[in-house]
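Heads up: the structure comes next, in structure tokens.
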2 protein chains.
Amino acid sequence: MGAAESILSDKKLRITLSRKAVIDYFLAHKHALTQPDLEKELESVCDRVTIYRIIDSFLQHGILHKVPDLDGTQKFALCDSCTDHHHHDEHVHFKCSVCGKTECLDEIPMPSIALPTNYSVAEWNMLLQGVCAECS
Amino acid sequence: MGAAESILSDKKLRITLSRKAVIDYFLAHKHALTQPDLEKELESVCDRVTIYRIIDSFLQHGILHKVPDLDGTQKFALCDSCTDHHHHDEHVHFKCSVCGKTECLDEIPMPSIALPTNYSVAEWNMLLQGVCAECS
DNA sequence: GTTTATGCAAATTCTTTGCAATACT
DNA sequence: AGTATTGCAAAGAATTTGCATAAAC
């Protein structure tokens with residue numbers, strides 16, 4: 001059983017060609033992807049609408065998580081730390097202004113923040129922008 | 001001279017009805033706004049396209065800054081700390097999952113992060129999600 | 001066989017561009 | 001008067017929804 005199948009059966013989702021293709025594409029690309037990225041790559045495999053629905057389903061089941069961005073495009077990633085059972089989004093994202101790729105820096109701990117009173121926080125996201133190791 | 005006029009003349013931008021209306025709307029709403037938010041409110045004042053162009057201009061001149069979001073919509077804000085001459089985006093944004101509003105927490109300092117080698121950072125953004133004081 | 005996922009069509013929303021008309025200084 | 005801004009029209013992306021077909025269990 002491949003990695004994609006394991007992920008799907010873990011989450012009790014039906015194993016379909018489209019879903020495997022989406023997971024495989026994320027596994028092959030370590031940076032965050034948009035729906036149009038997937039659509040371009042998988043146009044021979046499945047429909048545009050199917051990709052939207054797969055993304056929705058994967059978000060609900062904790063296979064994908066949203067990645068913050070400043071340019072108004074919604075990005076998604078399948079992080080190392082999210083491939084096993086505990087799903088935690090609390091990590092740092094780095095967007096390279098040269099290659100445009102956003103990657104998850106799982107190894108960097110999220111710093112603690114002192115919030116104003118009466119604010120409760122459920123999710124932390126940090127987005128750094130600059131030049132990545134490859135482009136510098 | 002009103003607040004909007006001061007901001008525009010500080011940046012050596014022409015003072016027009018549309019631009020004043022956009023600034024006034026940001027001044028009246030302390031949370032981050034999308035272009036559609038502005039479009040809905042200002043449809044009697046100016047055209048949809050004008051709003052896009054004003055946003056672009058204001059971003060370039062440091063009147064507005066982009067606010068990171070996880071739902072694929074581009075948000076903008078006019079922060080307290082950006083109304084004077086030094087424009088700094090390095091602050092924490094908080095999105096309330098109840099009312100959906102994103103606000104700038106200017107008073108909270110951005111924590112320092114130890115990055116991997118060969119990464120250089122130009123911009124820091126932090127997005128917290130949870131429940132704000134008003135909604136809790 | 002039953003349930004769930006997919007494909008197709010179509011509608012909606014968001015964003016960008018070109019050019020003529022208008023408003024600002 | 002001269003220049004920058006705006007409005008309108010139109011095109012191009014991105015996203016959502018409904019329903020019939022097809023695939024998975």
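Note on naming: letters A, B, ... go to the chains in the order of the sequence lines (proteins, then strands), and numbering restarts at 1 for each one.
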Please report the distance, rounded to the nearest Å, between CG in A:D69 and P in C:dC14. 18 Å
Touch class at under 4.0 angstrom, heavy-atom based, for B:E39 against every strand present: nothing
How about CD on B:E107, more than 12 heavy atoms from neighbouring residues, nucleotides or ligands closer than 6.0 Å, or not? yes
Can you tell me how far P of D:dT15 sits from CD1 of A:I51, to the nearest Å? 11 Å
Side-chain atoms of A:I54 come closest, of C:dT15, C:dT6, D:dA14, to C:dT6
Can you tell me if the side-chain N/O atoms of A:Y52 get under 4.0 Å from OP1 or OP2 in D:dT16? no
Is it true that a side-chain atom of B:S6 and a backbone atom of B:G2 form a donor plus acceptor pair closer than 3.5 Å? yes
Which of residues 41-50 of chain A sit near DNA chain D, with a heavy atom under 4.0 Å from it? A:R48, A:V49
Between the side chains of B:K75 and B:T34, is a donor N or O closer than 3.5 angstrom to an acceptor N or O? no
Classify the nucleic acid contact of B:S18 as base, sugar-phosphate or nothing, counting any heavy atom under 4.0 Å across all strands shown. sugar-phosphate
Side chain to side chain contact (heavy atoms under 4.5 Å, CB included) for A:N125 and B:M126? Distances and angles first, verdict last. CA-CA 6 Å; A:N125 273 287; B:M126 182 132 204; over 6 Å; no
How many Å lie between CG on A:D56 and C1' on D:dT17, as a whole number? 12 Å
Look at B:R53 together with B:D47 and state whether they make a salt bridge at an N to O cut-off of under 4.0 Å. no
For C:dT15, does OP1 or OP2 lie under 4.0 Å from any side-chain N or O of B:Q35? yes
Do the two ring centres, one from A:H65 and one from A:H91, sit under 6.0 Å apart? yes
Spell out protein contact along nucleotides 19-25 of chain C as letters: B when the base is contacted, S when just the sugar-phosphate is, - when no protein heavy atom is under 4.0 Å; keep the 5' to 3' order. ----BBS
Please name the residue in the list B:L38, B:T50, B:I63, B:V22 that meets the side chain to side chain contact (heavy atoms under 4.5 Å, CB included) test with B:I55. B:L38
Rounded to whole Å, please give me the gap between NZ in A:K12 and C1' in D:dA24. 16 Å
salt_bridge(A:K20, A:E5) N-O dist < 4.0 Å: yes
Would you call the rings of B:Y25 and B:H29 parallel, tilted or perpendicular, where under 30° means parallel and over 60° means perpendicular? tilted
How close or far is atom P of D:dT5 from atom CG of B:L8, stated in whole angstroms? 10 Å
